Amino acid sequence: MVMDAANKLGTYIPHFCYHKKLSIAANCRMCLVEVEKAPKPLPACATPVSAGMIVRSHSEKAVQAQKSVMEFLLINHPLDCPICDQGGECQLQDLAVGYGKNASRYEEEKRVVVPKEAGPLVSMKEMSRCIHCTRCVRFGQEVAGVMELGMLGRGEHSEITTFVGEAVNSEMSGNMIDLCPVGALTSKPFRYSARTWELSRRKSVSPHDGLGANLIVQVKQGKVKRVLPLENEAVNECWISDKDRFSYEALDSAERLTQPMLKQGNEWKEVDWQTALEYVAHGLKNIKHEHGADAIAAYATAHSTLEELALLKKLSSGVGFDNIDFRLRQSDFALDGQVTPWLGMPIADVSSLQRAFVIGSFLRKDHPLLASRLRAAVKSGGQLTMLHATNEENLIKVAHNLVAAPSNWLAVLSGIVSAIASAKGEAAPAGFGSEANDAAKAAAASLLSGEQKAIFLGNAAVHHPQASAIHAAAQWIANATGARLGYLTEAANTVGGYIAGAFSAKPAPAFSAAKKAYLLLNAEPELDAVDPQAATAALQGAEMVVVMSAFKHGLDYADVLLPIAPFAETSGTFVNCEGRAQSFNGTVKPLGEARPAWKVLRVLGNILGLTGFDYETSEAIRDELLGAGVTDLSARLSNISTVALQSATFGSGESLERIADVPIYFADALARRSGPLLATADAAAPQAHISSALAQQIGVANGDLVQVIQGSGSAILAARVDAGLPDNVVRVAAAHASTATLGAMFGPISVAKAGEGK
C-alpha cells in the first residue's frame, strides 16, 4: 500500500486507523493523498502501489483533504484536552495542531456517548472521545483472537462497546489502551495519577513468562506509575500481556517486606541487615557442624535473575551442599546432564510455522505472546495439533485436538510414532505396534506435510511425572518428520537457571527429602512446589528457614525474612526461551531496607568467609558467567537427549487423576499481589473441573461444592462440569492458597459431593 511505501521512505502521512500489525480498515480517511490521474484524493492505507505511480502526500490538494477530514473528526469531539488523561500523547491532539482550524464552523450540540464498564484494567469512561478508528476491535479479533469490542449503530450514533454486560477479559487487553489514538480507552490503574510529561522512561525486561518481553517502565517521584511495551520485533513485536503491564501494582503492595525480620520466641522483630545476615551465617555453620552440609537445601524460582541464581549456586558450593534447584514444579529429572531446554528456534520464526504440535500446555494463559504468534501462523495457513488433558480454548483454530488423561499422553505419542512409521513405509521402532487410531494417523499426516515445522513441549509436559519419556517420543517424532523440537519455557529465567548451573548433580523433586535448613529465594513453596503437602511438612520440620523475598510470606515456618528487591528495583539478566540474554537496570530505588538479592548473597558469602564473593556490580557476575558482551546463548543449549524411546498403551481409565494448571495471575509472587490483576476473571478462585460422567456419578451440577481429596489433605471447591475433559480427569489449579493443602500436580485424586467425603 502507499502508506507502507511512504513508511519505507521515511515520509510521514497522517493517520489514525492504520496500524502496521492490523488489517486495513480505511475508515478514518486522515491519510488521503493526491494520486496523479485519480479524480479525487485516495486513502494511502488502502491504495495499492503500482509501477510509475506518482503520489503527492503534502501537495495543496492532499493537505486540503486532510484538513477537511480533521474538521469532521473534531465536529463531535469533546473539548476536554485539559482534563484528558491522554493529553501529551494523543495522536488527535498532535495532528490537530498541524491540520486543525482555529475555529469550528459546527454550532450544533455535540453527541454524548454513555460511559461503559469494561472490567478492572481498561477504562471506557470517556467514550465520547472515540473517533471510530476500530483499532481496538481489530486487535481483539486479529491478535488476541477474541472479539471483545465491536461497533453498534450507524453514523454519529456509532459507538464502540462490549457485548451486553461483559467485561474485557483477554490476557492481552491492555494493548487496546496503547492502540487507542485518543483518550477513549485508558488504563484504569494509571488513570489520573500522572501526566505523561512528568514521567521518566526506563527500559526493562518482563520478569514473568519465558518470552522476555521488552518493557518501558515509567517512573514519577521514585514510584513506578506505568509499564508499556518497548517495541522489539524479534521478541514481543509491539505487544505485552496484561501480566507484564499491570503486575507493577504489586510493588507498593501492603505485603511488601521492607525490613529484615527475625522470629524470637513466636514474635517477629525488625532487625538491621548485619544482625539478620550474621544470624543466617551462624545458623548455616551450626547445622553444617551438627548434621553435615547435606542437611542444607537452597530453592529458588526461575523468576530470579541470572546473577542471583549464579551466586546462590556459588554459595551452596562454598558451604558444601549440593541440594539446590530452581525447577520446583518438576518431578522427573532423567534428562539432566543432556537437555538444557530452550525454544529450539528464534521466537520470530514461530509466526511463520506451517505445522506445530504442542504437547501439554495451557498455551494461551502460560505463554500469551507465543500463543499470539502461533495464532498468526495458523491464520496464514498453518496447522496446529494439540495434545493435552483438557479441551482448552486457546482462541486458535486447532486442526487435530488430542485430549487424553495425563497418564495416557505417552500412549497417544506412541500411536503417532507408529502412524508416522507406517506412513513412511518403515518398520515401527522396537516395542511399537503397527496399528494406530484415526486421530494419531491424522496428526501424523499433518506433521509429515508442510515445510516449517516444530514440536513444542509445554509447562505441563515438563511437570509431568513421565517428562523424560514424553521428551524421547517428541524427539523421535521431530526427527522423523523434519520438525524442530523446542520447549515453551516456564518462567522469565528458566533457561538462565540452566546457564547458571543452579541445580544439583543428583536432582530430586523439591522437598522430597526433609532437610534441617532451607534457603528460599523468591520461592513460596506452598504455591510453587510440585507437592505443597511435602513442602509444608519439610519446612515446618526444619530447624532454620531463611526466606529471601520482596513480600512477607511463610511467617508460620520461617525464622528469618530478608527483604530483596523485585525486578523493578534491581539490575540483572534474564535469559528468554530462545537463549537471548537480556540485561536491565533497576528503574526505582529499592523500597525501605530492601536490597538486590545478588548483593545480599554476596555479603552472606563474605560473612561466611567464602572466596569469590567480591563483586562490585551485577554486570561483573554476568560477564564472568557469559563473557563480556555475549547475548546469544543458543549455542550452549540443546534439546537432544539419549533417553530411550519407550512405547506405552492406554490405561483402563478407572482411577481419577489430576491435571493442574498454574493460573496466569498466580504464577509468580508479583502477579499474585497486583490488585488490578486479582480483580479479573482469570484470578477467580479455582474450581474443580470434572467431566460430565463424573458429575453424574457423584450427583453434582455446576456450582455445587465438592470435596477434593489428595494425599493427606483436602479442599472444598465449587464444581465446574467440563464436557471437554476425559471421564477420569479432574482439573484443579495449583499455586493458589485454596488448593495449597492438596498434593502433587499429577497423580491420583478423589472427588465427592461436599459433606459426603471421608
Side-chain angles (χ1 to χ4, degrees), residues 284 287-288 291-302 304 309 312-313 316-317 319-339 341 406-407 459-471 490-491 494 497-498 501-547 554 556-558 643 657-660 662 709-714 732 734-735 739-749:
L284 289 174
I287 285 165
K288 181 180 177 180
H291 306 286
D294 195 48
I296 307 169
Y299 290 122
T301 67
S304 313
L309 293 173
L312 190 66
K313 175 65 175 176
S316 76
S317 303
V319 174
F321 64 92
D322 184 43
N323 311 306
I324 173 172
D325 220 319
F326 63 94
R327 304 162 297 179
L328 304 190
R329 294 195 178 107
Q330 202 166 317
S331 56
D332 176 1
F333 297 94
L335 298 170
D336 266 28
Q338 301 173 28
V339 170
S407 59
N459 296 355
V462 174
H463 303 154
H464 198 286
Q466 294 174 300
S468 55
I470 288 170
H471 174 102
E490 183 176 8
T494 302
Y498 282 93
F503 52 90
S504 167
K506 294 178 182 168
F511 303 101
S512 54
K515 304 292 177 189
K516 296 292 182 189
Y518 288 101
L519 274 172
L520 303 177
L521 172 61
N522 282 320
E524 300 176 62
E526 61 276 25
L527 305 177
D528 293 328
V530 62
D531 187 339
Q533 283 174 8
T536 308
L539 291 164
Q540 284 171 342
E543 287 180 23
M544 183 175 81
V545 177
V546 181
V547 169
D556 51 341
Y557 54 72
V643 172
E657 52 184 284
R658 179 181 179 184
I659 176 79
V662 176
I709 304 158
Q710 203 183 9
S712 58
S714 68
V732 180
T739 58
T741 48
L742 299 174
M745 293 172 73
F746 292 86
I749 192 168

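Note that the structure is predicted; figures quoted are calculated from it, not measured.
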Only one of L328, V545, V546 forms a side chain to side chain contact (heavy atoms under 4.5 Å, CB included) with L520, so which one is it? V545
Minimal non-hydrogen separation, [X] against [Y], with atom names:
X    : Y    : answer
V547 : A558 : CG2-CB, 3.7 Å
K515 : A297 : CG-CB, 3.8 Å
P507 : D325 : CB-OD2, 4.1 Å
D322 : K313 : OD1-NZ, 3.8 Å
I296 : I287 : CG1-CG2, 3.9 Å
A513 : Y518 : O-OH, 3.6 Å

Any non-hydrogen side-chain atom of [X] less than 4.5 Å from a side-chain atom of [Y]?
X    : Y    : value
S504 : F333 : no
F746 : E657 : no
P525 : F511 : yes
V462 : R327 : no

Without hydrogens or angle criteria, can the side chains of N522 and T301 be said to hold a donor-acceptor pair below 3.5 Å? no
Go through it in stages, so that I can follow the logic: the residues are V662 and R329, the test is side-chain contact (heavy atoms from CB on, under 4.5 Å), and I'd like the CA-CA distance, side-chain angles, deciding distance and then a yes or no. CA-CA 10 Å; V662 176; R329 294 195 178 107; 3.9 Å; yes
How long is the gap from [atom1] on [X] to [atom2] on [Y], to the nearest 0.5 Å?
X    : Y    : atom1 : atom2 : value
F503 : Q330 : CZ    : CD    : 10.5 Å
L519 : F321 : CG    : CZ    : 5.5 Å
S512 : N323 : OG    : CG    : 9.5 Å
L309 : L521 : CG    : CG    : 6.5 Å
D332 : H463 : CG    : NE2   : 12.5 Å
I749 : Q710 : CD1   : CD    : 4.5 Å

Just by modelled atom types, is the M544 backbone N or O under 3.5 Å from a matching donor or acceptor in the K516 side chain? no
Would you call the rings of F326 and Y498 parallel, tilted or perpendicular if under 30° counts as parallel and over 60° as perpendicular? perpendicular
